[in-house]
Amino acid sequence: MKNRSKYIAAAAQLGPINPEDSKESVISRMLNLLVEAKAHEAKLVVFPELCLTTFFPRYYITDQAKLDKFYETEVPFSLLAEIFELIKEENIIISFGYAEKDNGEPFNTSVYVETSKKIIGKYRKIHLPGHSEYEPQRPFQHLEKRYFKKGNLGFPTFDTSLGKLGMCICNDRRWPETYRVLALQGCEVVTLGYNTPKHYPLAPEHDHLQEFHNHLCMQAGAYSNGLWVIASAKAGLEDNCELIGGSCIISPRGEIVAEAKTAKDELVLAEINLDECRLIKENIFNFDLHRQPEDYKLLTKTTK
Ligand code: ING
């Protein structure tokens, strides 16, 4: 299929998924968003992080069988059968996040899947926020360091008919290094999903800035690397824990060109033009002309 430099992209935001919601019920909500995306001729559709279940790192789960239920040992094509039925013959790439068990090893994973059910990209979350032991003082846990291993696939990019794509997941989007490592490989579009609680127990003073910080880090990443960013939230009040929305599409100029208006299931659409990456990459952030990596050695030598 011919390469497209201009196409409709979509952030398929999901509202809350409560603990009692089945994966099947979530899939039917994803299906509705995909029907809408197809009607708008979207070619790239991005679903949130861990989009098949409630954000389970908020719970301290000691029953292994109960915890295992949140993970998939392979991309759940059977679960997604209706989705692939709907988009077959279309040239659509979808991205979604799920909890992966790979030979027993747990990862917070996202994949690119094209309509022939071919997995054309996989990423495993590297920046795992939160903590690994139960912390009773918290109103809710954030046990990603307990339930997932650090991603072991690096920050790969994938050559597709929709340009050179790269993924990150949630907390990764806050770290400038994420975008720079992807941009240094020629990435043109970064897709990501997130589950971000409004309340951050260790710094409640920042709660009112969560939406601002969410966009700030992605707009900066997009602009300083000449990238499109497509970001899809799991949003709303999920088992009494408020998750921010703010799904959006950000241009290489750092502008938010489309943004969610609700904290529910909502499709955020925009036409993206990969040629706009070049204007940034060839001028203000022309890495060959202006970057001075020999002066940045500290960036990879130390963690603090
Ligand atoms: N969630 C959050 C995120 O990085 C967090 C963790 C929340 C960090 C609020 C800072 C402030 O958006 C995930 N899942 O990484």
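Numbering of ligands and ligand atoms starts at 1, following listing order.
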List by chain and number: which residues place a heavy atom under 4.0 Å from ligand 1?
Glu49, Phe55, Lys125, Pro129, His142, Glu144, Cys170, Asn171, Arg173, Arg174, Asn195, Thr196, Pro197, Tyr200, Gln210
His142 and Glu144: side chain donor to acceptor below 3.5 Å
yes
How are the rings of Phe56 and Phe70 set relative to one another: parallel (under 30°), tilted (30 to 60°) or perpendicular (over 60°)?
parallel
Residue pair Leu86 / Lys38, side-chain heavy-atom distance below 4.5 Å:
yes
Ion pair check, Lys234 and Glu238, cut-off under 4.0 Å:
yes
Can you find a side-chain donor-acceptor pair between Asn32 and Glu36 that sits under 3.5 Å?
no
Can you tell whether the side chains of Asp275 and Lys6 come within less than 4.0 Å, N to carboxylate O?
no
